[in-house]
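Position 1 is the first residue of the sequence; numbering continues from there.
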Amino acid sequence: MKRFIFDERNGIYIIDLSKTLVQLTAACAYLGQVVGKGGKILFVGTKKQAQQAVMESAKACGQHYVTERWLGGTLTNLKTIKKSLGRLKHIEKMEADGTINNYVKQEQSMLRREAARMHKNLDGIREMESFPDAIFLIDVKREHNAVAEARRLKIPIVAIVDTNCDPTLVDHPIPGNDDAIRSLRLLLSVVTQSITQSRAEYESRTARRREEPAAEVTPAEASVSSAPAAAPVVPVSN
């Protein structure tokens, strides 16, 4: 992190905010480019002070998130994660249609506890059908398992990195304090705004493309095409 540090005072390293701004701008541009092409981003932040902020940001811009424990194989063993999600949806369906009442009370309690546990860990990725196009995470050191899985699958990583982290592990490091809630919320707000804007532009372009084929046909053309075809003239022989 030496290249991102401005000074050291009394054993405390001070991050160069001018470099934070440069890196943040580049990271937002990259994330916006990913979402602008219809890609999805996975937000990861399991440290206590980051959980709520990460969840709110991911929901605000319509992306996936993990804010509880990172389950081993969340990316590298996605098939197993999908099976767990299928199990969660099955229990929820049983709860909704009342078939869970066919079980004895002890079994009902076990099923509900199982669903609550899976809901807590998997709720943010329940709609993630394939690998994300990029990962945005808080604290590279704490989320080393997520970093390792993403690097193995060659998924680009954007991360807020503090002075105790190794920025070479991620593709787009953003030097910043990953412990202070105010610092996290400030950085997340900028990232969220960029992603939300790019997503809105992508959805607008997609909507226009769907409308263009219908707009190309004029009312006159539509009336001609909808008119019944003339009957063929059959020559009459003498």
Under 3.5 Å, is there a donor on one side chain and an acceptor on the other for Thr206 and Arg210?
no
If two hydrophobic side chains count as joined below 4.5 Å and joins carry through other members, does Ile5 share a cluster with Val170?
yes
Apart from Val104 itself, what residues make up its hydrophobic cluster, given side-chain heavy atom links below 4.5 Å?
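Reading the cluster by chain and number, Val104 sits alone, since nothing else belongs.
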Which ILVMFWY residues can you reach from Leu21 by hopping between side chains whose heavy atoms are under 4.5 Å apart?
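In the cluster with Leu21 there is nothing else; it is isolated.
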Which pairs pass ring-ring contact (aromatic ring centres under 6.0 Å, His included) with one or both residues in [range], sequence neighbours excluded?
range            : result
residues 82-119  : none
residues 14-50   : Tyr30-His172, Phe43-Phe136
residues 176-211 : none
residues 147-167 : none

Test salt bridge (Lys or Arg N to Asp or Glu O under 4.0 Å) applied to [X] - qualifying residues, sequence neighbours left out:
X      : value
Arg112 : Glu95
Asp97  : none
Arg152 : none
Asp179 : Lys47

Kindly say whether Phe4 contributes a backbone atom to a donor-acceptor pair with the side chain of Asp16 at under 3.5 angstrom?
no
Any pair with a residue in residues 28-46 that passes salt bridge (charged side-chain N to carboxylate O under 4.0 Å, His left out), sequence neighbours left out, goes on the list, sorted by first then second residue, please.
none
Salt bridge (charged side-chain N to carboxylate O under 4.0 Å, His left out): which pairs involve residues 180-196, sequence neighbours left out?
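Every pair satisfying salt bridge (charged side-chain N to carboxylate O under 4.0 Å, His left out) with a residue in residues 180-196: Glu56-Arg185.
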Asp178 versus Cys165: any side-chain heavy-atom pair under 4.5 Å?
yes
